[in-house]
Peer 1: 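I have a structure I would like to understand better, so I am pasting it below and will then ask my questions one at a time.
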Amino acid sequence: MRIVVYDNDKKVVDIIEDINHPKVSGNIVDWEGGSVENNLPFLLLEDSVEVSEVVTDDIIALDKKSQFVKVDELAQLKIENADLKLRLEMAEMAIVSLMDFI
């Protein structure tokens, strides 16, 4: 993959090649072997996308940033933990109810 940085006139300012396993968090992109913070708009594109001096709307439509959003792992684990606790409580109540029949 590659990062294509462009200005407000959609002129390409920089292209960063060889982006592997990117994680996007706002205007910061981390990947294996590097990181960059962009103050200008940028795209995360497949290597096969041809980019010239100007970014077109068709190229912008191919942006992959939303597919590589950095996940807050701690927040995700907290949500999963709360879900598992709820399931455990429900299972315990079902077992107690079954034991009342015996």
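We use all heavy atoms of the structure for the numbers below, so side chains are in, but hydrogens, waters and symmetry mates are not.
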Peer 1: So do Glu17 and Ile3 actually touch side chain to side chain, heavy atoms under 4.5 Å?
Peer 2: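 Heavy-atom side-chain distance check fails, nothing below 4.5 Å.
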
Peer 1: Nearest 0.5 angstrom please: Leu62 CG to Leu44 CG, how far?
Peer 2: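 Separation between the atoms: 11.5 Å.
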
Peer 1: If we only count heavy atoms from C-beta on, is the Lys10 to Asp57 side-chain gap below 4.5 Å?
Peer 2: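 In contact.
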
Peer 1: Could you check whether any side-chain heavy atom of Tyr6 comes within less than 4.5 Å of a side-chain heavy atom of Val55, counting everything from C-beta outward?
Peer 2: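 Yes, side chains in contact.
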
Peer 1: Answer yes or no: is there a side-chain heavy-atom contact under 4.5 Å between Ile16 and Arg2?
Peer 2: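 Of all side-chain heavy-atom pairs linking Arg2 with Ile16, none is under 4.5 Å.
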
Peer 1: According to a 4.5 Å side-chain heavy-atom criterion applied to Ile, Leu, Val, Met, Phe, Trp and Tyr, with indirect links allowed, do Leu40 and Val54 form part of one hydrophobic cluster?
Peer 2: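 Not linked; separate clusters.
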
Peer 1: Using side-chain heavy atoms (C-beta onward) and a distance below 4.5 Å, is Leu43 in contact with Lys64?
Peer 2: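 They are not in contact (no side-chain heavy atoms under 4.5 Å apart), so the answer is no.
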
Peer 1: Using a 3.5 Å distance criterion without hydrogens, assess whether the side chain of Asn27 forms a donor-acceptor pair with backbone atoms of Asn38.
Peer 2: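 Pair found, side chain donor or acceptor close to backbone of Asn38.
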
Peer 1: Is it the case that atom NZ in Lys23 sees more than 12 heavy atoms from other parts of the structure closer than 6.0 Å?
Peer 2: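 No, NZ of Lys23 has 12 or fewer neighbouring heavy atoms, counting only those of other groups under 6.0 Å.
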
Peer 1: Could you tell me the separation between the CG atom of Asn81 and the CG atom of Leu74, rounded to the nearest 0.5 Å?
Peer 2: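 Asn81 atom CG to Leu74 atom CG measures 10.5 Å (nearest 0.5 Å).
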
Peer 1: Is it the case that more than 12 heavy atoms not belonging to Asp9 sit under 6.0 Å from its CG atom?
Peer 2: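 Yes, the 6.0 Å shell around CG holds more than 12 heavy atoms from other groups.
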
Peer 1: Other residues, nucleotides and ligands only: do more than 12 of their heavy atoms fall within 6.0 Å of CD on Glu53?
Peer 2: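 No, not enclosed.
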
Peer 1: Yes or no on side-chain contact (heavy atoms from CB on, under 4.5 Å) for Val29 and Ser35, after CA distance, side-chain angles and deciding distance?
Peer 2: CA-CA 6 Å; Val29 183; Ser35 177; over 6 Å; no

Peer 1: Verify, without hydrogens or angle tests, whether Asp47 (side chain) and Met1 (backbone) share a donor-acceptor contact under 3.5 angstrom.
Peer 2: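 Yes, the answer is positive, given that a donor and an acceptor are paired below the 3.5 Å cut-off.
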
Peer 1: Measure across Lys65 and Asp63 and return the closest heavy-atom pair with its distance rounded to 0.1 Å.
Peer 2: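 For Lys65 versus Asp63, the nearest heavy atoms are NZ-OD2, 2.9 Å.
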
Peer 1: Go through Arg87 and Asp83 one step at a time and tell me if the side-chain contact (heavy atoms from CB on, under 4.5 Å) criterion holds.
Peer 2: CA-CA 6 Å; Arg87 288 183 185 185; Asp83 182 50; 3.5 Å; yes

Peer 1: Does Val49 share a hydrophobic cluster with Val12, counting links as ILVMFWY side-chain heavy atoms below 4.5 Å and allowing steps through other members?
Peer 2: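 Looking at the clustering, Val12 is in the same group as Val49.
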
Peer 1: Would you say the side chain of Thr56 lies within less than 4.5 Å of the side chain of Ile59, judging by non-hydrogen atoms?
Peer 2: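 Result yes, sub-4.5 Å side-chain heavy-atom pair found.
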
Peer 1: Just so I know, are the side chains of Phe42 and Val36 near enough to count as touching, which here means a heavy-atom distance under 4.5 Å?
Peer 2: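 Result no, sub-4.5 Å side-chain heavy-atom pair not found.
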
Peer 1: Show the numbers, then the answer: is there a side-chain contact (heavy atoms from CB on, under 4.5 Å) between Val51 and Leu45?
Peer 2: CA-CA 9 Å; Val51 179; Leu45 299 172; 3.8 Å; yes

Peer 1: Just so I know, are the side chains of Val5 and Pro41 near enough to count as touching, which here means a heavy-atom distance under 4.5 Å?
Peer 2: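 No, side chains not in contact.
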
Peer 1: Does Val13 share a hydrophobic cluster with Ile19, counting links as ILVMFWY side-chain heavy atoms below 4.5 Å and allowing steps through other members?
Peer 2: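 Same hydrophobic cluster.
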
